[in-house]
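Here is the structure we will look at, set down as structure tokens.
Only this structure's heavy atoms are used, side chains among them; waters, hydrogens and symmetry mates stay out. Throughout, a chain's letter reflects where its sequence line sits, starting with A, and its residues are numbered from 1.
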There are 2 protein chains.
Amino acid sequence: MDPLFEKGMTELNRPPTDRPFQAFEIVFWHVLDEMFEERLLPGDVLYETALSQELGLSRTPVREALSRLVAEGLLENPAGTRGYRVPDLSADDLQQVFQAREILESSAAALAAEHARKGDIGELEEIHRREILFSSQENRREYCRANVEFHFAVMRIGGNRYLERAFRPVFWRSQLYVNYLAEFHPLNGEELTAESGHNSPAEHAALIRAIARRAPKAAAKAAAEHLRSTTAYRILLDTERARHIFGGSSR
Amino acid sequence: MDPLFEKGMTELNRPPTDRPFQAFEIVFWHVLDEMFEERLLPGDVLYETALSQELGLSRTPVREALSRLVAEGLLENPAGTRGYRVPDLSADDLQQVFQAREILESSAAALAAEHARKGDIGELEEIHRREILFSSQENRREYCRANVEFHFAVMRIGGNRYLERAFRPVFWRSQLYVNYLAEFHPLNGEELTAESGHNSPAEHAALIRAIARRAPKAAAKAAAEHLRSTTAYRILLDTERARHIFGGSSR
DNA sequence: TTATAGCATAATGGATCCATTGTTTGAAAA
DNA sequence: TTTTCAAACAATGGATCCATTATGCTATAA
């Protein structure tokens, strides 16, 4: 459990701090990692007891973590039910998640175009360089990482902490869907990959340009268009095939 | 502690269910009510121990509740610090909260204009009738209630559950600010009241019309303009006076 | 063979306990 | 009188315990 946080992309979401991890945080990020790594799939159920034994902790921190995950909308435990269920995937959910992302991210992009400072543009460009590098190297994990960083960076540069807070759970959820869908989609391995076919870098470049020249509307448009070309979104449009995917877990 | 949930406006936010309250829910809504009722002000600090004694519960459910409130952004406990602090009010926070609301609510209004069914319009009109009634009766509490219901109804009719989830904490926080500001603002009692001078009903009417005639852009515009005319927002514009208000708690 | 009732199992909500650690008070020194 | 250090106090994080109750299995009956 030690190197739990050197892998995966979840630590991106943990605010940087020198304070040691509390037990419940270990559980929280562990579960999140399991979800991102697709070892936990929609329909799977987690139990406090089992988890606490697996992780060698008492149930107290496990409860805390699971309860937070529920608050984030990443798990659900309907009233009077035991176990914490990884929410099912429905075409409707997918559509709503991406619609929400489009609203939040295009607004943030517009704000970023208004508020960006010189260093911010540099930061975006640095991330973007990594995206290009890793996409050409076909280094899926590092590419994905940079991609995640990019979206959070735009959100942060936008400068609205409340919008940013609202964004995090929506984004997480959409990431889960992306991985899962890419995994199970019949087109997987052909033209579709988890990171939207590597056209992201070009679209990100367009967004950076819009932000750099302080064009809020163009930035918002670029962000929205980028989302629309995402793998998951494209799968969604392919509703006929989608029917084969959505539904219960395979496990 | 029994009639805790017949007063206040917080129960609006508890999803309806026949299941009895769990202990942690009692704590959760209790604290929320204390905040809305302005018995808890920015800068105040809550302690698990004290709360559990006050409410006659063990610390376990209290911890759960406080932890959820932190997750909602309604309390904060910085790393390595004791006590849960009601976040301070800064002009910047206020601006951001209202900016976030504008983004979320205008988007939801547009969606509502697209998705509204006949019954939905009826519901909005019913709430709106109550607003008019109570505003003319100067029944502050019931008016406020209807106002809250209205905003949630628009969000719900928009139909995006993820947007709705993101909206809730932002809205809550803005409500806290509204009450607090109205209380302490030097203009309180003159032209400003907590419910933005009762021009809300007219603005809500405009929003309903836009939704009813399926005009997403008009709906979004109406929602945004409504927010801009809110008390707190108007106070915010009055930055000179604002300086006297923002800052530590009075308690 | 399928459906139902009842029982055994085990997971959860809440209470309590303990070790750790942040806070505060007070005493001593500058 | 003000500052520093230490010791007592108190709040929290985590572990454990217990009562309640959801869940699953079995045996019986249709």
Side-chain angles (χ1 to χ4, degrees), chain A residues 1-2 4-5 14-15 17-31 34 40 43-71 74-88 248-249 251, chain B residues 1-2 4-5 14-15 17-31 34 40 43-72 74-87 248-249 251:
Chain A
M1 191 197 330
D2 351 34
L4 248 183
F5 309 104
R14 196 216 187 209
T17 164
D18 49 358
R19 175 178 50 103
F21 281 93
Q22 291 192 354
F24 85 87
E25 290 182 284
I26 298 199
V27 183
F28 185 92
W29 298 112
H30 171 72
V31 172
E34 292 282 299
L40 274 177
D44 288 347
V45 177
L46 292 171
Y47 296 91
E48 289 179 9
T49 321
L51 247 184
S52 66
Q53 283 168 1
E54 274 175 45
L55 299 179
L57 294 166
S58 82
R59 269 178 53 225
T60 311
V62 173
R63 278 166 74 174
E64 169 109 13
L66 292 179
S67 144
R68 290 204 186 201
L69 287 163
V70 170
L74 287 167
L75 290 177
E76 48 190 33
N77 69 331
T81 273
R82 296 185 174 192
Y84 294 73
R85 197 160 175 287
V86 181
D88 249 337
S249 158
R251 170 177 161 181
Chain B
M1 190 195 331
D2 351 35
L4 249 183
F5 308 105
R14 196 217 187 206
T17 165
D18 49 358
R19 174 179 52 101
F21 282 92
Q22 290 191 356
F24 84 87
E25 290 182 284
I26 298 198
V27 183
F28 185 93
W29 298 112
H30 171 72
V31 172
E34 293 281 299
L40 273 178
D44 288 348
V45 176
L46 291 172
Y47 296 91
E48 289 179 8
T49 321
L51 247 185
S52 66
Q53 284 168 359
E54 275 175 44
L55 299 179
L57 294 165
S58 84
R59 267 178 53 225
T60 309
V62 173
R63 278 167 74 176
E64 169 109 15
L66 292 180
S67 143
R68 290 203 186 201
L69 287 163
V70 170
E72 291 277 16
L74 288 166
L75 291 177
E76 50 189 31
N77 68 329
T81 274
R82 299 190 168 187
Y84 295 72
R85 195 158 177 289
V86 180
S249 157
R251 173 179 160 182

Handout entry: Heavy-atom closest pair, residues B/Ala65 and B/Phe24
Key = CB-O, 3.4 Å
Practice task
Could you check if a side-chain atom of A/Leu51 sits within less than 4.5 angstrom of a side-chain atom of A/Val31, using non-hydrogen atoms only?
Solution key: yes
Problem - Non-hydrogen side-chain atoms of B/Asp44 and B/Arg85 separated by less than 4.5 Å - result: no
Handout entry: salt_bridge(B/Glu64, B/Arg68) N-O dist < 4.0 Å
Key = yes
Sort me out a list of protein N/O and nucleotides 20-23 of chain C N/O pairs below 3.5 Å, or just none if empty.
residue : atom : partner : partner atom : Å
C/dT21  : O2   : B/Arg82 : NH2          : 2.5
C/dG22  : O4'  : B/Arg82 : NE           : 3.2
C/dG22  : O4'  : B/Arg82 : NH2          : 3.4

Handout entry: Under-4.0 Å side-chain N/O to phosphate OP1/OP2 contact, A/Thr49 with C/dT12
Key = yes
Completion exercise
The first and last nucleotides of DNA chain D lying within contact of chain B, meaning any atom under 4.0 Å from one of its heavy atoms, run from D/dA10 to D/dG14
Specify the separation, in whole Å, of atom [atom1] of [X] and atom [atom2] of [N].
| X | N | atom1 | atom2 | result |
| --- | --- | --- | --- | --- |
| B/Gln22 | C/dT12 | CD | P | 12 Å |
| A/Glu54 | C/dA11 | CD | P | 12 Å |
| A/Arg59 | C/dA11 | CZ | P | 9 Å |

Problem - A/Thr81 side chain vs A/Asn77 backbone, donor-acceptor pair below 3.5 Å - result: no
Problem - Donor-acceptor pair, side chain of B/Gln53 and main chain of B/Ala50, under 3.5 angstrom - result: no
Exercise for the section: Could you tell me which residues satisfy side chain to side chain contact (heavy atoms under 4.5 Å, CB included) with B/Ser58, sequence neighbours excluded, listed by chain and number? Expected result: B/Thr60, B/Pro61
Handout entry: NE2-CG distance between A/His30 and A/Leu55, expressed to the nearest 0.5 angstrom
Key = 4.5 Å
